[in-house]
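Positions are given from 1 along the sequence.
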Amino acid sequence: MTRMGFTISFMLVILATGCGGPKYAPDITLTQIGPIIDAIAEFHNLYPAYALLSGKETFGLDAPKAERVEPSELTRQVENELLKELDAAGVFSRVTRFDPHPDVILSGRITALHEHYRPQTWALIPDVIPYVGIIAQQLRMKTHVSSGEAHLTLFVLKPTGEVLGTYTGQSTFNETFNPTNDVPPGARLNRALSEAVHQIQDEISRDVKLRKLASP
């Protein structure tokens, strides 16, 4: 390789590794409440809606320079987070990927999981009119807006396939703000995701039918 070719290759590597934007990683937070239901739950797959898999609707984070996460990978990450948090919260006596004799089977659907994080239209005007930024700062105007939704459904089934219950959680947001490192792109989506799963957790814990599912 010539010196010129080496230099070009080196610069391409630098550009490729140094220009990455935010990358969304699901993070669910639940409050420990149990164990509530004395049953071993075997966790199966989550199934995203077709519009999420096809790209018709945003799945994950839509933000300037955000790194795209493939739908299959994002689904796997949500599954792992959901399993971990349901098990830690004590909704069931144990939640696992496999058990030789589970009391119930968990499966679910992701209807929506997205955040659109962007600067407000007027915040782009300083590129043309320099004083707009100063005026906005003086008036304490919020420069950015973020909107999105988390919508999930969890099914609890007997090992035979009979559905015992369907539990849904949904949370939306639409906020204006000035960006900070404490609340980066994706943080609001994780808050909505946690709220949606908390609704599911609450519905399951109050279901009298499930609370009678004591392990033999």
Side-chain angles (χ1 to χ4, degrees), residues 22-37 39-62 66-115 148-173 185-205 207 210 213:
K23 184 176 181 179
Y24 176 65
D27 185 11
I28 300 171
T29 302
L30 293 180
T31 302
Q32 185 172 356
I33 60 171
I36 293 294
I37 300 168
I40 297 173
E42 184 175 280
F43 189 93
H44 289 192
N45 296 334
L46 290 178
Y47 299 94
Y50 176 75
L52 304 182
L53 290 176
S54 66
K56 184 178 179 180
E57 295 184 6
T58 301
F59 189 21
L61 175 64
D62 178 10
E67 183 176 344
R68 183 176 183 271
V69 181
E70 289 296 324
S72 57
E73 173 63 16
L74 183 52
T75 301
R76 185 189 64 81
Q77 292 176 7
V78 176
E79 286 178 353
N80 291 340
E81 268 295 299
L82 185 57
L83 186 156
K84 175 174 69 76
E85 286 301 312
L86 288 177
D87 188 45
V91 178
F92 297 92
S93 57
R94 186 159 66 94
V95 182
T96 180
R97 283 284 188 182
F98 173 76
D99 187 272
H101 303 290
D103 298 298
V104 295
I105 303 297
L106 305 182
S107 184
R109 179 176 66 242
I110 305 175
T111 302
L113 186 65
H114 65 87
E115 177 179 353
E149 178 184 12
H151 184 179
L152 294 86
T153 300
L154 193 69
F155 305 102
V156 180
L157 308 93
K158 290 183 178 181
T160 57
E162 178 186 346
V163 178
L164 291 171
T166 301
Y167 312 91
T168 299
Q170 183 178 16
S171 179
T172 62
F173 57 95
R188 290 172 177 82
L189 180 54
N190 279 333
R191 184 186 64 197
L193 178 59
S194 295
E195 290 175 354
V197 176
H198 183 269
Q199 293 170 20
I200 292 172
Q201 175 192 28
D202 188 54
E203 289 179 17
I204 291 175
S205 66
D207 191 324
L210 294 184
L213 286 175

Requested in this report: May I have the step-by-step check of salt bridge (Lys or Arg N to Asp or Glu O under 4.0 Å) for E79 and R76, ending in yes or no?
Outcome: CA-CA 5 Å; E79 286 178 353; R76 185 189 64 81; over 6 Å; no
Query raised in the report: Hey, mind stepping through H151 and T168 against side-chain contact (heavy atoms from CB on, under 4.5 Å) and telling me if it holds?
Result: CA-CA 7 Å; H151 184 179; T168 299; 3.5 Å; yes
**Report entry** Derivation and outcome, side-chain contact (heavy atoms from CB on, under 4.5 Å), residues N80 and R97
**Finding:** CA-CA 10 Å; N80 291 340; R97 283 284 188 182; 3.1 Å; yes
Report task. Test Y50 against K56 for side-chain contact (heavy atoms from CB on, under 4.5 Å), laying out the working first. Result -> CA-CA 8 Å; Y50 176 75; K56 184 178 179 180; over 6 Å; no
Requested in this report: Mind running side-chain contact (heavy atoms from CB on, under 4.5 Å) on I40 and D103 for me, showing each step along the way?
Outcome: CA-CA 5 Å; I40 297 173; D103 298 298; 3.7 Å; yes
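Summarising the geometry of A39 relative to F92, their closest heavy-atom pair is O-CB, 3.3 Å, with the distance given to 0.1 Å. Here the shortest heavy-atom pairing between P159 and P102 reads CG-O, 3.3 Å. Closest non-hydrogen pair, E115 versus A187, comes out as OE1-N, 4.1 Å. Residues H114 and T58 share a closest heavy-atom pair of CB-O, 3.4 Å. When all heavy atoms are compared, the tightest approach of L52 to P71 is O-CG, 4.1 Å. When every heavy atom of A89 is checked against every heavy atom of T31, the shortest pair comes out as CB-O, 3.7 Å.
Separating the CZ atom in F59 from the CZ atom in R68 is a distance of 10.0 Å, to the nearest 0.5 Å. Expressed to the nearest 0.5 Å, how far CD of E149 lies from OG1 of T172 amounts to 6.5 Å. Rounded to the nearest 0.5 Å, atoms CG (L152) and CD1 (I28) are 7.5 Å apart. The OG atom of S107 lies 7.0 Å from the CG atom of L46; values are rounded to the nearest 0.5 Å. Distance check, rounded to the nearest 0.5 Å: CZ of R188 to CZ of R191 gives 6.5 Å. With values rounded to the nearest 0.5 angstrom, K23 atom NZ is found 10.5 Å from L74 atom CG.
Checking side-chain atoms of T153 against main-chain N and O of G108 turns up no donor-acceptor pair under 3.5 Å.
At a threshold of 4.0 Å, the pair K84-E81 counts as salt-bridged, since one of the basic side-chain nitrogens sits closer than that to a carboxylate oxygen.
Contact annotation: the side chain of Y24 never approaches that of P185 to less than 4.5 Å [non-hydrogen atoms, C-beta and beyond]. Side-chain atoms of D87 and F43, non-hydrogen and from C-beta on, never get closer than 4.5 Å to each other.
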Give the table of side-chain donor-acceptor pairs shorter than 3.5 Å for residues 192-200, with sequence neighbours excluded, one pair per line with atom names and distance.
unit_1	atom_1	unit_2	atom_2	d
S194	OG	T29	N	2.9
S194	OG	N190	O	3.0
E195	OE1	S171	OG	2.5
Q199	OE1	Q170	N	2.9
Q199	NE2	Q170	O	3.0

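Screening L154, L86, L106 for a side-chain contact (heavy atoms from CB on, under 4.5 Å) with I204, the sole residue that qualifies is L154.
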